[in-house]
Number of protein chains: 2
Amino acid sequence: MTQVRPMRADARRNYERLLKAAAEAFAEHGENASLDDIAKRAGVGSGTLYRHFPTRQALLEAAYVDRIEALGLRADEIARELPPGEALIEWLYEVCVGTIEVRGLKTLLGSAVTDGSSAAVTACGTFMKDAAGRLVGAAQKEGTLRPDLEPVDVLRLAHGISTASELADGRGAHIRRYLLLLTEGLRP
Amino acid sequence: MTQVRPMRADARRNYERLLKAAAEAFAEHGENASLDDIAKRAGVGSGTLYRHFPTRQALLEAAYVDRIEALGLRADEIARELPPGEALIEWLYEVCVGTIEVRGLKTLLGSAVTDGSSAAVTACGTFMKDAAGRLVGAAQKEGTLRPDLEPVDVLRLAHGISTASELADGRGAHIRRYLLLLTEGLRP
DNA sequence: CATTAAACGGAGACAGTCCCCGCTTTCTGT
DNA sequence: ACAGAAAGCGGGGACTGTCTCCGTTTAATG
């Protein structure tokens, strides 16, 4: 996975700069921030940007992997604090909040749970699916979650909840309620 | 609501042509189809397009109002065929299928249930909310739907289900199942 | 150092959005 | 029927963003 030959010093430096600039720009202007502008912020030519990150997706992913890893770790942390059923819901809540607060993370997580994505994005997806899998498995074992649910289903539904909440107010104010409706069902 | 002075004949003609071209283009290339290209297809200058439809949203709406009206009518049709609880679900299913099959309709319906949209989009939204309101009210009266649900909540959640299904396979194959999970809840 | 291959950068081709304003067409009153 | 007014047309062009190509620079290596 790692490069055979280590990266050249200037390449590594530019890579880091781009990442920093990208995170800033995405946070500021959303996932459609101008790529040439990101290159400019980083003080490199646009060619350099496109060499390191061939697609917007690739850059988006690289800029937010740490966030995703944090979410994955958070899963186990929560699992230690709460009973399995509640832990899953709480984690999904945090995932939803993340996708709404950090503009750009949503797109990335979305394609991470999409069938037939690129290899790079798949790595992200696997990480999330594994984290979800642990919580889902525990809740199912406990008997508080339907046994026919796959981790990826849960992630996709959470993504749907994010979307619904976003429609409601652009902030995350409705996440808790919509997540509750999902877990409890729409019947009285 | 109608113009004080009726539209000039050429204006009306161009308006219709644009609408037809737009529906084609959106269906073919998705909601981001080139607007200048739509103008070209319609055989008018781009200035004419932008005069009639100041924003992409406006054009999108105009091109798909009939679809939305059809969905609204479908609500009452289904209400006559099925008991209230089932009718709501079936209608939501058809709404979801529509948003996935007809590229562009999803964005429109999305902004129709968003707080703080333009007046024009609001008209669309009101129509859908009214239709949903009738089904939701009936189901609540029957006792098969939580009484604390607003029609707009249901529409937003349906939108979320569409998003989740889209992630799954790009087609609508998962809609039924995800809709069932929403109505039944995630518990066993 | 000298060599060499990796990496850089930014000009420029291309595509999309949207406005501006001189020209054309329709409508109106006589 | 026709002249004048006003509504409407259209496409040129400014602007922004994407992405590639290739001559130049720079780090690594013996």
Side-chain angles (χ1 to χ4, degrees), chain A residues 2-63 103-104 107-108 111 118 120-121, chain B residues 2-63 103-104 107-108 111 118 120-121:
Chain A
T2 322
Q3 320 256 336
V4 177
R5 181 87 59 102
M7 245 181 178
R8 237 172 69 169
D10 52 349
R12 172 131 229 101
R13 182 170 43 79
N14 286 332
Y15 184 91
E16 303 292 355
R17 280 190 188 173
L18 280 168
L19 233 45
K20 191 162 159 263
E24 271 176 34
F26 284 140
E28 196 168 317
H29 300 112
E31 60 182 315
N32 291 320
S34 157
L35 295 182
D36 275 25
D37 176 62
I38 290 178
K40 208 158 284 171
R41 281 182 192 229
V44 306
S46 50
T48 302
L49 184 155
Y50 288 101
R51 196 169 328 100
H52 283 298
F53 309 100
T55 66
R56 176 181 297 274
Q57 265 304 318
L59 180 55
L60 206 48
E61 181 193 14
R103 330 222 284 135
T107 316
L108 175 55
S111 46
S118 76
V121 176
Chain B
T2 322
Q3 321 256 336
V4 178
R5 182 85 60 100
M7 243 182 182
R8 239 173 66 169
D10 53 348
R12 174 130 226 102
R13 183 169 44 80
N14 285 333
Y15 184 92
E16 302 293 355
R17 280 190 188 174
L18 280 167
L19 232 46
K20 192 163 158 260
E24 273 176 34
F26 284 140
E28 197 168 317
H29 300 111
E31 60 183 315
N32 291 320
S34 158
L35 295 183
D36 276 24
D37 176 60
I38 290 178
K40 207 158 286 170
R41 281 183 193 229
V44 307
S46 51
T48 302
L49 186 154
Y50 287 101
R51 195 166 331 99
H52 283 297
F53 309 99
T55 67
R56 177 181 297 274
Q57 266 303 318
L59 180 55
L60 206 48
E61 182 195 11
R103 328 222 287 134
T107 316
L108 175 54
S111 46
S118 76
V121 176

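Note that this is a predicted model, so its numbers are computed, not measured. Throughout, a chain's letter reflects where its sequence line sits, starting with A, and its residues are numbered from 1.
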Could you check whether any side-chain heavy atom of [X] comes within less than 4.5 Å of a side-chain heavy atom of [Y], counting everything from C-beta outward?
X         : Y        : value
Leu108(A) : Gln57(A) : yes
Asn14(A)  : Leu49(A) : no
Arg56(B)  : Glu61(B) : no
Thr55(B)  : Tyr50(B) : no

Whole angstrom value for the distance that separates [atom2] of [N] from [atom1] of [X]:
X        : N       : atom1 : atom2 : result
Tyr50(A) : dC22(D) : OH    : P     : 18 Å
Met7(B)  : dA7(D)  : CE    : P     : 13 Å
Leu18(B) : dG8(D)  : CG    : P     : 14 Å

Next item on the list: Give a yes/no on whether any side-chain N or O of Arg51(A) is located under 4.0 angstrom from OP1 or OP2 of dC8(C).
Entry: yes

Checklist line | Phosphate OP1/OP2 of dG8(D): any His52(B) side-chain N/O under 4.0 Å | finding: no

Item checked: Contact residues, residues 19-46 of chain B to DNA chain D [heavy atom, < 4.0 Å] -> Val44(B), Gly45(B), Ser46(B)

Notebook entry, point to check: Listed in order of residue number, which residues of residues 9-16 of chain A have a non-hydrogen atom at under 4.0 Å from DNA chain D?
Noted result: Ala9(A), Asp10(A)

Check: What residues, two or more places apart in sequence or in another chain, satisfy ring-ring contact (aromatic ring centres under 6.0 Å, His included) together with Phe53(B)?
Finding: Tyr15(B)

Checklist line | Options dT17(C), dG9(C), dG10(D), nucleotide nearest the side-chain atoms of Arg56(B) | finding: dT17(C)

Under the side-chain hydrogen bond (donor to acceptor under 3.5 Å, both in side chains) rule, collect the residues that match up with [X], sequence neighbours excluded.
X        : answer
Asp37(A) : Arg41(A)
Glu16(B) : none
Ser46(B) : none

Checklist line | N/O donor-acceptor pair, side chain Arg8(A) with base dA7(C), under 3.5 angstrom | finding: no

